[in-house]
Amino acid sequence: MTTLEASPTPIRRTGRLDPALEAIREKVLAGRRLTLAEGEVLYTTPDIWSVCELANLVRDRLHPGVAYYNINRHMNYSNVCALSCKFCEFYRKKDESGAYTRDLDYIREEAHKAIESGATEMHIVGGLHPYLPWDYYPDMVRAIREVVDKAGSNLNIKAFTAVEIVHLAKIAKQFKRDDRKAGIRWVLQELKDAGLGSIPGGGAEVFDDRVHDEAFKGKIRHDAWLDVHTVAHQLGLNSNCTMLYGHIEQRKERLVHMDMLRRAQDQALARLGYTGDSDWSAYSNAYEGIDDNTVDAITLTREGTQLPHPGMNENAGYFQTIIPLPFFPDGSELEHLYGPSGLENLRTLAVARLMLDNFPHAKSFWIMQTLAMSQLMLKAGADDIDGTVVWYDITKVGGQTTHQETTAWDLQRAIREAGYEPVERDTLYRRVVREGKRWNVTTG
Ligand code: V47
């Protein structure tokens, strides 16, 4: 096993494929799963453009000719948080200046605005509020649902990271240490009944105990994060997942993170009837502590494989997309760090696309990557650049304002210029057909 360097690898273009990538290319073409050791090669080769090309080969096979965007709005119900994660500039303590908690009237008003703007999704997250009662959360979802139903809209309420869901199980007094999934199931079922439509991918950070203890101690670890998403999938809720990189983690830890996610997705896809490759010798992992023989590897990247889609199975829940998030040091306790470079962002997106062979989508979240970089990423594995967003409080790119709106036209233009047909999607990646602010989805 090689050791990954923390320092950037200088890139080189020789006009021919780095020989170290040849065997990897063969596997990618055949739609076979890459090992963690091969992931290291993707991270260390100076031939970064070939890594991007390989990732784009997969992306074009899965989504020929198109790239996705959506019309959405982000809303944070509170920035008050019991945790103090070192990478986070969003949280405030209860009486600190800038702390806010929204009431139901504010939330209803935001739902109105979202519908008026033609949004197909509200993305809602907040801190782990120490005092809000359990009822606040299903009441919030119900209040939005009422506004949405009254307007005859089909807007998806995508809300609460896995970290919040575990917190809610605790405040609802449903959390049982010896049966964590039971409390999670109770909370998710209540929220689903209230109108929750899907789960966002936040709060995953990097699935590594060392990084957890140094940078976000107190937050749930990877096992609880994965439990929430597994239960969500079992209840028929689709979810996304993120990876926050470029702070104190190593590239090797990112690869382990990706491996854990693809194993969880293997399980979700197996429940949907997909069958896999049980020949673990083909992609045996070299890392200590990684158990090799859990489930079959199911890949979606072979030519002609049908992608999972809503309604293919009753209670069909699965991970839709991986969203690598580059760390922004400004205003956080880790402000002394640089954050990842442009090339590291490009490479990480490409590596994620290649390693996560059972994920239908790879998203470049333009708010954190910038729209210019997201456009480049459409040629390095990304098929989705997210949405119109409007207000974004969690990171503030290049300044202080949280108003980070872009128009659907800007997103379409970026996509077209990259050579793809822009496709407006809803939260579940169904094609949106719209007339102004009124919209519907097609099932094909
Ligand atoms: O969980 C916090 C990250 C996440 C910083 O599911 C930071 O479709 C960079 O999860 N620098 C929230 N990142 C964002 C998120 C998300 C975004 C877009 C779409 C979806 C989706 C999910 O932002 C947090 C955390 O991992 N974050 N602080 C920071 N300083």
Side-chain angles (χ1 to χ4, degrees), residues 68-70 72-76 79 81 83-92 120-128 156-165 167 197-207 211-212 215-216 219-220 222 225 228-229 232 237-249 254 257 261 319-340 344-345 348 359-370 374 382-398 402 404 425-429:
Y68 301 94
Y69 70 96
N70 69 343
N72 63 350
R73 278 178 99 95
H74 281 244
M75 187 195 80
N76 304 114
N79 61 355
C81 190
L83 301 178
S84 309
C85 299
K86 285 187 184 167
F87 61 79
C88 183
E89 59 150 332
F90 169 69
Y91 77 84
R92 297 287 181 276
T120 58
E121 166 184 291
M122 273 180 87
H123 180 143
I124 305 166
V125 292
L128 304 191
N156 190 295
I157 304 173
K158 180 171 95 180
F160 311 121
T161 65
V163 189
E164 289 161 274
I165 297 293
H167 175 68
S198 60
I199 308 279
E205 322 317 358
V206 175
F207 293 158
V211 181
H212 173 275
F216 42 97
K219 207 166 210 171
I220 56 171
H222 68 270
W225 192 96
V228 171
H229 285 259
L237 291 167
N238 276 5
S239 71
N240 296 335
C241 59
T242 55
M243 177 179 74
L244 176 66
Y245 67 93
H247 43 96
I248 61 159
E249 92 295 357
R254 296 180 207 165
H257 182 95
L261 287 172
F319 284 117
Q320 307 183 118
T321 184
I322 170 71
I323 314 159
L325 298 174
F327 170 56
F328 277 84
D330 292 2
S332 77
E333 254 188 84
L334 299 176
E335 206 166 29
H336 56 285
L337 300 178
Y338 285 105
E344 189 65 9
N345 290 339
T348 298
F359 274 56
H361 300 278
K363 183 194 290 193
S364 168
F365 183 43
W366 73 266
I367 289 275
M368 290 197 198
Q369 299 283 10
T370 73
S374 289
D383 61 276
D384 182 15
I385 56 177
D386 205 78
T388 44
V389 180
V390 187
W391 294 95
Y392 198 72
D393 277 6
I394 296 179
T395 51
K396 300 170 195 71
V397 182
T402 60
Q404 298 189 49
R425 62 162 180 88
D426 74 346
T427 305
L428 306 179
Y429 286 85

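Please read all numbers here as calculations on a predicted model, not as lab measurements. As the structure lists them, so they are numbered: ligands from 1, and atoms in each ligand from 1.
Contact atoms of ligand 1 toward Pro200: 6 (O) (distance under 4.0 Å to a heavy atom of the residue). Residue contact check: Gly202 has heavy atoms under 4.0 Å from atoms 1 (O), 10 (O) of ligand 1. Taking a cut-off of under 4.0 Å to the non-hydrogen atoms of Met368, the atoms of ligand 1 that pass are 9 (C), 13 (N), 23 (O). Residue contact check: Lys363 has heavy atoms under 4.0 Å from atoms 8 (O), 19 (C), 21 (C) of ligand 1. Interface of Phe365 with ligand 1, defined as ligand atoms under 4.0 Å from a residue heavy atom, comprises 17 (C), 18 (C). Interface of Gly203 with ligand 1, defined as ligand atoms under 4.0 Å from a residue heavy atom, comprises 1 (O).
Not a single heavy atom of Ser332 sits closer than 4.0 Å to an atom of ligand 1. For the pair Pro326 and ligand 1, a heavy-atom separation below 4.0 Å is found.
Scanning Glu89, His123, Glu205, Glu335 for the heavy atom closest to atom 20 (C) of ligand 1 points to His123.
Among the atoms of Lys158, some N or O lies under 3.5 angstrom from an N or O of ligand 1. Among the atoms of Asp386, none of the N or O lies under 3.5 angstrom from an N or O of ligand 1. Residue contacts with ligand 1: Gly201 is placed with a nitrogen or oxygen under 3.5 Å of a nitrogen or oxygen of the ligand (distance criterion only). At least one N/O-N/O distance between Phe328 and ligand 1 falls below 3.5 Å.
Applying the ring pair (Phe, Tyr, Trp, His ring centres under 6.0 Å) test to His361 and every residue at least two apart in sequence or in another chain returns His63, Tyr68, Tyr429. Residues satisfying the side-chain contact (heavy atoms from CB on, under 4.5 Å) criterion with Ala232, sequence neighbours excluded, are Leu188, Ile199, Leu237.
Contact annotation: for Phe87 versus ligand 1, heavy atoms closer than 4.0 Å belong to both the backbone and the side chain. Residue Ile323 touches ligand 1 through its side chain alone, judged by heavy-atom distances below 4.0 Å.
Nearest heavy-atom pair across Ala162 and Trp225 is CB-CD1, 3.4 Å. Nearest heavy-atom pair, Phe90 versus Gly127, reported as atom, atom and distance to 0.1 Å: CE2-N, 4.1 Å.
Side-chain contact check for Val125 versus His123: some heavy-atom pair is nearer than 4.5 Å. Residues Glu205 and His212 fail the side-chain proximity criterion, which asks for heavy atoms closer than 4.5 Å. Contact check for Asn72 versus Lys158: no side-chain heavy atoms found under the 4.5 Å cut-off.
Using a 3.5 Å distance cut-off with no hydrogens or angles, the side chains of Gln320 and Asn240 do pair a donor with an acceptor.
Between Phe216 and Phe87, the ring-plane angle classifies as perpendicular under the 30° and 60° cut-offs.
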Before giving the answer on side chain to side chain donor-acceptor pair (under 3.5 Å), spell out for Thr427 and Glu121 the whole-Å C-alpha distance, their side-chain angles and the decisive distance to 0.1 Å. CA-CA 6 Å; Thr427 305; Glu121 166 184 291; 2.8 Å; yes
